[in-house]
Each structure stands twice: as C-alpha cells, then as structure tokens.
Amino acid sequence: MSHYDPLKIEAKWQERWEKEQPFVAKENNGQPKMFIAEMFPYPSGAGLHVGHVRNFSIVDCLARFYAQNGLNVLRPFGYDTFGLPAENYAIKTGTAPQEVTKANIANFRKQAKRLGYAIDWSREINTSDPEYYKWTQWCFLQLFKKGLAYQAENYQWWCPVDKTVLANEQVENGCCWRCGHEVEKKKMKQWFFKITAYADELLDEIDSLDWPDKIKTMQKNWIGRSEGAEIDFAIAKHPKEQLTVFTTRPDTIFGATFLVLAPEHEIISRIVSDDARDAVAAYCKAAIKKSEIERQENKEKTGVFTGAYAINPANGEPIPIWVADYVLSGYGTGAIMAVPAHDERDHEFAEQFDLPIIKVIEKPENSIDDSGCYHDEGVMVNSDRFNGQDSADVREAIVAWLEERGLGRKKVTYRMRDWLISRQRYWGCPIPIAYDKNGVAHAIPEDQLPVVLPKVTDYRPDESGRSALAKSDEFKTVIIDGEEMTRETDTLDGYACSSWYLWRYTDPRNQNAAWGKDKVNYWAPTDIYCGGDHAVAHLLYVRFWCKFFADEGYLDFREPVKRLLYNGYINAPDGKKMSKSKGNVIDPLDVIDQGYGADTLRTYELFIGPYNLDAAWSTEAIGGVYRFLNRCWTLCFDKARNSKDENTTIRHRTIKKVTEDTKRADFNTAVAAMMEYVNALYKTGAHEEDLITLAKLLKPYAPHLACEMLESLESDDVWPVYDTTKLKADTVELVVQVNGKLRSRIQLPVEEANDTTRLEQLAKSDPKVQNYIGDKEIVKTIVIAQNHLVNIVVK
RNA sequence: GGGCGAGUGGCGGAAUUGGUAUACGCGGCAGACUUAAAAUCUGCUUCCUUUACCGGAUUAUGGGUUCGAGUCCCAUCUCGCCCACCA
C-alpha cells in the first residue's frame with residue numbers, strides 16, 4: 001500500500017513539463033485566444049514570497065482552466081529588474097547589479113518551477129537585458145518624435161554640500177540625510193512624458209473597463225478633471241503685466257476680493273512694491289523650502305501682501321495681491337481669485353488677514369450649511385446685471401461675457417501632472433538622447449540602439465548630481481551624423497520599462513521591432529491581468545502607452561487590459577505585514593519542502609479567502625487543504641471503486657459550481673465545492689466517472705496530483721460539462737413558513753415540486769404547521785415553487 | 001475634512017435575482033483503529049434554556065419597506081482603503 005507523496009509526484013511532473021514544454025504558445029486562428037498574465041515580479045534576493053505565490057497561482061489556475069476549456073492560452077513570465085534595491089546593493093558591496101540580477105532571476109525561475117506553473121518559458125523576458133531595453137529606448141524615441149517626451153525645468157531637492165539631487169524620502173526635517181546640511185530646492189532640467197495629452201481619453205474610457213471599481217475610482221481621482229474658466233486680471237501701475245487665474249466658479253467673480261499667488265509664481269518679483277519686497281522674498285524662500293508634507297501638516301493659513309493691486313474685470317475694483325503657500329504652483333495657473341464668502345480656504349485667509357468678504361450667492365432658506373461660507377448654488381446678489389439669477393445658470397453667461405472682452409475663457413484642468421521620467425541613477429534604462437554644442441537634444445539614431453549601460457565600478461551619483469554614467473567619458477561621448485555630442489546621463493523611470501512588456505510577450509525574440517503587428521494583434525489586449533500593487537501609476541502608464549502606440553499605428557486596440565484582477569496581500573499569522581525584521585515571514589519553499597508540496601500550497605492560497613481581500617496565513621488551516629488532497633489521492637489510488645454510477649446529481653452540481661466559480665475568480669468557494677464532493681464520495685464510494693471528473697476539476701488548482709490521477713485513469717483533461725437535467729435530486733425539501741418563520745420541512749418527489757396547489761395543500765395539511773395555524777384565520781398563502789417554499793400568513 | 005467599501009459563530013469565511021443564515025475549512029469535543037501516540041476514519045459543534053425533546057434569540061446598533069431582509073431604504077457606531085489646501 002502506497003500513500004500520497006506530493007514531493008515525489010511533483011518532481012515527476014515537473015521533470016516531464018521541463019522536457020516536453022507543453023505550455024509553449026503558438027498563434028492559432030482556429031481557436032479563441034486567452035492572454036493572461038500577472039504583473040511581472042521584481043526578483044529580489046529573498047526569493048519567492050507567499051504573496052507572489054497567491055498572485056501567480058490565480059493566473060495559473062485561470063490559464064489552466066481556459067486551456068482545458070479549449071482556448072489557445074498564452075501565459076508568459078518575466079522580470080522587472082531595474083530599480084533601487086540592486087543599485088543600493090551595488091553601492092554597498094561593489095557587486096555589479098547585472099550579476100546580482102542574474103543570480104536573483106535564476107533563483108526565481110527555479111522556485112517558480114517548483115510550483116508547477118504552466119508558463120511558456122520560451123518567452124521569458126527581463127527588462128535590464130539590452131535585447132529588451134533596446135526597444136524601451138525605441139519606445140521613448142517614438143514619444144520624443146511626436147513631442148510627447150520633452151524637457152522642462154522642475155524644482156528638485158538639492159544638497160549644496162553634497163552637490164546632489166535628493167529624492168523626497170532622502171530629506172529629513174529639511175536636511176540632507178547624509179551630511180545633515182539644510183537642503184534647498186533647485187530648478188533642474190528633467191524629462192517628462194506628456195501623459196496629460198491623453199487625460200480625457202484615459203478618464204472617459206475607465207467606465208468601460210472590466211476592472212475593480214476601487215481602482216477605477218482611484219484612477220479617476222488621480223486624473224482629477226475639473227471644468228472651469230481662466231480669467232485675466234490687469235495689474236495696477238503695471239500696464240504690461242497681467243495675471244491669469246483658474247477657477248471652477250466664475251459665477252462668484254463679483255465676490256473676488258483679493259488674488260493669491262503661489263510662492264513659486266514668476267510674476268512676484270516684477271510686481272512687488274518696494275516696501276514689501278524684503279518680506280515677500282523671505283516668505284517665498286521659506287515656503288519653497290518646505291516639503292509638501294510640511295506644507296500640509298500646518299494648515300494654518302500664512303501669507304504676505306505684495307503691495308500690488310489687480311483690477312477685478314467684473315466690476316473694475318482694485319483688489320490686493322497676496323502670496324500664500326496654500327496656493328499650489330503646479331495646479332492651474334498657480335494663482336487664484338479668492339472668494340472668501342464662498343470658499344472655506346479663502347474665508348479662513350480673509351479672516352486671518354482682515355480682508356473684505358462680499359457675499360454674491362444667497363443661500364437657500366432650507367440650507368443647513370451654517371459654516372459662514374456657503375459654497376453651493378443659490379441666487380446671485382451683489383453681482384450687478386446677474387442679480388436674481390441662479391448661480392448654476394450664470395456660470396456660462398459670465399464666462400461668455402468675459403470672453404467677449406478678451407478677459408476670460410473656458411478651461412479644463414487636471415490634477416494629473418505630466419510623468420517625470422528622469423532618474424539620476426545608474427541602474428536603469430539609459431535615455432537615448434545626446435546634446436549638441438548648443439545643448440539641443442537629439443535622438444540617438446535607431447540603428448545605434450541599444451544605448452548600452454556601461455560597466456562601471458562606482459555606482460554613486462557624481463558631484464553635479466548626475467548619475468554614475470556621467471563619470472564615464474567613453475559613455476558620454478557619441479558621434480551623430482559626424483557631429484560629436486554628449487549623451488544624456490539620466491536613466492528612465494522603471495515604470496517606462498513595464499509600460500510595454502505585455503506586448504513584448506507576444507513576440508519576445510523579435511530582433512527588428514519591439515513587437516510584430518500580427519502577433520501583438522493576435523494575442524493582445526491582455527484578457528486577464530492580475531496584480532496586487534500599482535493601482536494607479538503602472539496601470540495608468542500602460543493605458544497611456546497603449547493609446548499612443550495605437551495612434552501611431554503599432555497597435556489595433558486602445559485599452560491594454562480587458563479584465564483586471566486585483567488580489568489582496570497575504571499577511572503573517574499575527575495579521576501584520578510579513579517582514580524580515582519582524583521575523584514573521586513564511587517562506588513558500590519551506591512550506592513545500594516540509595512535506596505539504598506545491599499543490600497544497602497553491603490550493604491553500606486560493607482557498608484562504610476571496611482573492612481580492614487581504615488574508616492572514618494560518619499554519620493550521622493549510623493542513624485542512626493537505627487532508628483534502630490526501631483524500632482525493634486515497635479515493636483514486638487506495639479505495640475500491642463503485643461499479644455503479646450513483647453520484648450523478650452531486651457530480652453535475654459540482655461541475656457547475658466549480659466551472660462558474662473559477663470563471664468568476666471565486667476560487668475559495670470552488671475549492672469548497674470540491675471538498676463537499678470528496679466528502680460525499682467518501683460516504684458513497686466513487687465510480688470511475690467521479691474520479692475522472694474530480695481530477696479534471698482539480699487540475700487548475702492542484703495540477704501535479706490531478707495529472708497523476710488522470711494518467712492512472714487513462715483520461716484526457718478536457719473540462720467536464722454539466723447536464724442541466726441531472727442537477728436535480730429525486731426528492732426536494734419543501735420549506736413551510738408560518739408568518740415568515742420556518743415551521744416544517746417536507747420531503748416530496750421532484751415531480752410534484754412545480755405544482756403550486758399541491759405544495760400549498762401539502763403545507764397546510766402538515767401537522768406541525770397546523771399546530772401553528774390553530775384556529776387562526778389564514779390571510780394569504782405565498783407559494784414560491786422555484787425555491788420550494790410556502791409561507792402561510794395568519795392573523 | 002472629502003470619497004469609496006466593509007461589519008455574519010471561538011477563528012478564516014459561505015449565502016450568485018429579497019426566499020431554508022452560519023456551506024467549506026480551522027479549532028474544540030466524543031468515539032473507532034492502536035500496547036500507546038501520530039496519522040487516518042466516523043459523529044457532534046451559532047448562542048440561550050434543556051439530560052433530551054420542544055422552544056426562544058441571532059448577520060455592529062436603532063428604526064422602516066415587505067408575506068418574507070445578512071441582502072433594499074434611513075439614522076447611529078466601529079473598522080479599512082484612497083484622496084487630501086487641486087481653487
């Protein structure tokens with residue numbers, strides 16, 4: 001007598017899959033395709049985490065399920081390898097990131113294979129491989145050619161002692177994390193992708209996506225479209241200057257009693273009065289130095305008067321111009337018209353500095369708003385010719401009135417900014433740009449790609465705040481069209497590398513193009529994409545690039561991901577995040593090797609709870625899944641079989657449940673249904689047909705065991721189909737309620753279940769029910785044949 | 001502060017269109033097998049009352065709609081996530 005030995009079975013099948021490569025995908029126009037992928041991992045030195053296992057197992061379950069259902073499945077795998085951890089490790093130890101990455105990938109690959117995933121390993125990709133990033137650079141150049149990759153000045157943290165740019169998290173209490181010196185903000189030239197050019201389409205198409213609402217909402221908030229107007233203000237004593245503000249409430253313009261500029265606003269130095277100049281300069285300097293976090297922490301309004309006045313274009317009144325850090329330089333025009341009667345922030349500011357407050361909207365009598373600054377719609381007052389009208393109706397009329405005089409126009413503004421992609425780092429994809437003697441940026445010709453990341457020994461940024469690449473003269477100097485130029489030494493944000501990899505999967509070894517059109521349009525868009533991170537950034541960037549490359553004719557679709565599954569985290573048994581420092585990490589390979597095997601681990605992680613919620617690991621509960629698989633094995637290999645097939649009802653019900661649940665990604669209830677089925681088979685005994693069905697249903701969850709069973713049963717793995725006529729048992733249970741309370745259950749033959757008069761008669765003649773009715777008058781009787789339920793209502 | 005979501009046994013969770021609440025698993029209890037333990041198998045396990053039957057209560061709290069509410073509506077409380085001076 002043998003026993004369930006997962007490690008032995010798994011080694012056998014993994015070896016076979018390695019040899020036979022059954023998961024290699026080929027285009028096939030005779031079958032519908034299914035392109036399914038997880039968000040590719042960053043291969044850390046720590047190896048696979050139970051979180052990876054959950055993510056990959058969801059994808060694998062669906063990939064195998066659809067393959068068994070006859071779809072042509074593409075289930076690729078790759079590595080997102082550029083990034084800070086490898087670079088920091090290099091700075092610390094001197095080991096080249098290329099070497100570390102190679103070792104980490106080898107480890108990840110080995111571990112993924114121990115989990116038995118149905119991956120097409122011939123398509124494996126790695127973003128730091130020059131064969132791959134050659135095409136990341138090509139993508140950059142397409143955006144550059146169309147003006148969607150551009151340079152602009154931008155404030156960055158700068159340490160004047162270390163002479164280096166610092167990331168936000170490298171600034172501690174306004175000081176450099178290394179030397180402790182006060183940091184300042186310095187304007188530096190940076191590269192951007194013009195994602196805002198697609199803001200409207202990115203927003204409008206969100207609703208059509210089969211994505212979780214949570215993520216759709218987050219993307220909408222991130223894009224943050226708001227409709228309003230730009231209004232121009234003339235400036236007293238400065239006839240050549242003018243200030244433009246953005247507002248969503250042009251209807252309140254008669255209530256604009258002052259203007260406020262962001263401290264970064266460039267007009268300040270030109271309009272400030274002599275007696276205010278010193279105070280304004282000091283305020284601006286201090287405000288600009290503050291980090292975003294510090295600005296938000298202290299919400300008490302601060303500000304300073306510039307001594308200058310603007311003219312309100314609605315009524316010609318002069319109004320003072322102030323500077324305050326509650327106005328953000330990066331949004332709208334960096335200047336606002338303040339309407340203290342109807343905006344809370346402006347109201348607070350006006351109270352603080354004793355500025356005039358003029359009400360222009362009468363709050364309706366039934367309004368419960370008593371904040372002293374009513375910000376909803378109402379009837380216009382103090383607004384000259386617009387008095388008496390409704391504020392909502394006046395909005396457009398006022399813009400039109402301003403527009404006639406050239407003082408304003410409709411305007412749509414977005415919270416989303418353009419995507420800053422320059423990184424002063426070594427371990428990233430080099431930006432394929434060189435500068436001529438005049439500092440003009442030129443594209444590196446496509447036949448000179450890839451711009452290969454040179455091997456260096458010192459990975460730290462140099463004194464000018466540029467990446468380590470700036471130290472390599474050999475790298476920096478390049479000849480383009482006979483002219484000597486200097487290469488860009490910044491590298492690309494890692495998100496650029498992951499913005500197109502889904503398409504590379506469809507044609508990963510193409511030497512002549514990022515992807516072949518036929519292949520990409522056969523496989524993509526990705527049918528199912530699964531991840532547990534990057535709700536906004538990555539998922540918005542992929543959508544952006546998809547629209548751009550569709551416009552350029554390289555793709556025939558405008559949305560990259562049809563269905564998105566967003567899985568939750570796996571936490572430690574104590575409910576906290578797993579982390580090395582807390583010592584509560586569960587290593588998936590340990591779980592396998594201690595005897596549970598990969599099938600138990602995979603099935604457990606799918607059974608642990610709804611896939612989209614966080615779950616806490618339970619060292620006890622995984623044993624229950626092992627027992628379940630053990631019982632599957634015992635039924636198949638160690639128990640006598642029934643010669644008579646007597647489980648058709650539960651078998652067909654199980655097929656239905658597992659099929660529908662797996663499609664819906666309700667993996668936990670699918671596993672529960674298989675458990676119920678196995679429990680039933682333990683009682684009745686299993687016919688061969690039961691075992692074949694069980695093995696087929698089990699295959700997406702526990703593929704090694706299922707293959708072992710199918711081999712012994714000499715069966716294919718074609719997904720079973722349920723027969724609707726076999727879902728009903730011979731008898732049904734009639735539920736009888738009196739006044740909505742359950743009072744009796746009556747067994748009856750299934751043939752009678754649809755006969756409503758029979759059901760009513762059965763219910764009323766039941767002695768238990770009669771007890772509850774007694775002499776009381778029956779008001780009405782509700783019979784729901786579909787649910788075999790009768791409710792008798794008595795007085 | 002704003003937006004969204006969620007509150008079900010000792011625990012993770014199920015209930016798919018308003019129709020039998022607590023599936024499945026863990027844990028616990030009892031029994032079988034065993035010299036014994038583990039493993040395995042069988043049964044019980046929401047709470048209260050009861051030896052048991054019977055009965056009653058129960059899906060955060062309070063109200064409402066309905067023959068019937070975990071599910072729909074209103075209010076309150078708690079937790080989670082996202083955004084956060086975006087004019």
Side-chain angles (χ1 to χ4, degrees), chain A residues 3 212-222 224-226 228-229 245-250 252 256 260 262 292 295-296 298-301 324-328 330-339 342-346 348-349 375 413-417 535-536 568 573 575 604 607-610 613-625 627-628 630-631 634 638 657 660-661 664 666 668-679 682-683 733-745 768 771 779-784 786-794:
Chain A
H3 66 286
D213 288 338
K214 184 176 94 176
I215 297 195
K216 291 194 195 179
T217 310
M218 281 167 73
Q219 293 215 349
K220 282 183 193 168
N221 290 343
W222 181 268
R225 181 185 152 107
S226 59
V245 304
F246 172 74
T247 178
T248 54
R249 296 296 300 271
T252 62
V260 189
E292 304 285 320
R295 277 204 203 181
Q296 283 161 20
N298 182 14
K299 292 206 174 173
E300 208 165 287
K301 296 283 179 289
D325 67 1
Y326 82 91
V327 174
L328 308 176
Y331 183 76
T333 61
I336 62 156
M337 63 176 212
V339 185
H342 305 290
D343 180 283
E344 270 176 57
R345 297 151 299 181
D346 299 344
E348 194 189 331
F349 193 82
H375 54 258
T413 301
Y414 303 90
R415 182 178 309 209
M416 179 171 68
R417 316 289 153 88
V536 175
Y604 171 60
F607 181 63
I608 195 168
L613 299 183
D614 291 353
W617 186 269
S618 162
T619 38
E620 289 92 38
I622 190 173
V625 173
R627 279 190 277 279
F628 160 62
N630 195 12
R631 281 156 77 88
T634 306
D638 203 29
K657 179 85 178 143
E660 291 173 355
D661 283 1
R664 270 198 302 263
D666 288 338
N668 55 331
T669 49
V671 174
M674 288 189 274
M675 286 172 166
E676 269 183 275
Y677 183 41
V678 166
N679 291 345
Y682 250 67
K683 292 198 184 95
E733 190 179 68
L734 177 66
V735 171
V736 188
Q737 300 176 331
V738 178
N739 284 348
K741 290 205 169 183
L742 179 84
R743 293 306 182 189
S744 185
R745 301 164 189 271
K768 276 196 241 168
N771 252 341
V779 181
K780 66 170 142 176
T781 306
I782 306 222
V783 182
I784 311 289
Q786 205 192 340
N787 302 94
H788 22 95
L789 178 143
V790 175
N791 188 12
I792 300 166
V793 186
V794 296

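Numbered from 1 within each chain, the chains take letters A, B, ... in sequence-line order.
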Taking only the side-chain heavy atoms of A:R627 (C-beta and beyond), determine which of B:rA87, B:rG13, B:rC26 contains the nearest atom.
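Out of B:rA87, B:rG13, B:rC26, the nucleotide with an atom closest to A:R627's side chain is B:rC26.
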Shortest side-chain distance from A:E733, nucleotide among B:rU20, B:rG12, B:rU17
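Closest nucleotide among those given: B:rU20.
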Distance only, no hydrogens: is a donor on one side chain within 3.5 Å (strictly under) of an acceptor on the other, for A:N221 and A:R415?
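No, no side-chain donor-acceptor pair sits under 3.5 Å.
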Determine the Euclidean distance between corresponding [atom1] atoms of [M] and [N]; express it in Å to zero decimal places.
| N | M | atom1 | answer |
| --- | --- | --- | --- |
| B:rC24 | B:rG9 | C1' | 14 Å |
| B:rU45 | B:rG64 | C1' | 36 Å |
| B:rC47 | B:rA38 | C1' | 35 Å |
| B:rC67 | B:rG62 | C1' | 24 Å |
| B:rC82 | B:rG28 | P | 36 Å |
| B:rU76 | B:rG7 | C1' | 14 Å |
| B:rU17 | B:rG70 | C1' | 15 Å |
| B:rC11 | B:rA23 | P | 15 Å |

Closest non-hydrogen atom pair, A:A262 against A:L328
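Closest heavy-atom pair between A:A262 and A:L328: CB-C, 3.9 Å.
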Which word best sums up how the rings of A:Y326 and A:F349 line up, parallel for under 30°, tilted for 30 to 60°, or perpendicular for over 60°?
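The rings of A:Y326 and A:F349 sit tilted, inter-plane angle from 30° to 60°.
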Strand contacts (RNA chain B) in residues 734-744 of chain A, 4.0 angstrom heavy-atom criterion:
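Residues of residues 734-744 of chain A that come under 4.0 Å of RNA chain B are, in numerical order, A:V735, A:Q737, A:K741, A:R743.
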Looking only at N and O atoms, is any donor in the side chain of A:N221 or the base of B:rC83 less than 3.5 Å from an acceptor on the other one?
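There is none.
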Distance from A:F607 atom CZ to A:T669 atom OG1, nearest 0.5 Å?
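If I round to the nearest 0.5 Å, the distance is 9.5 Å.
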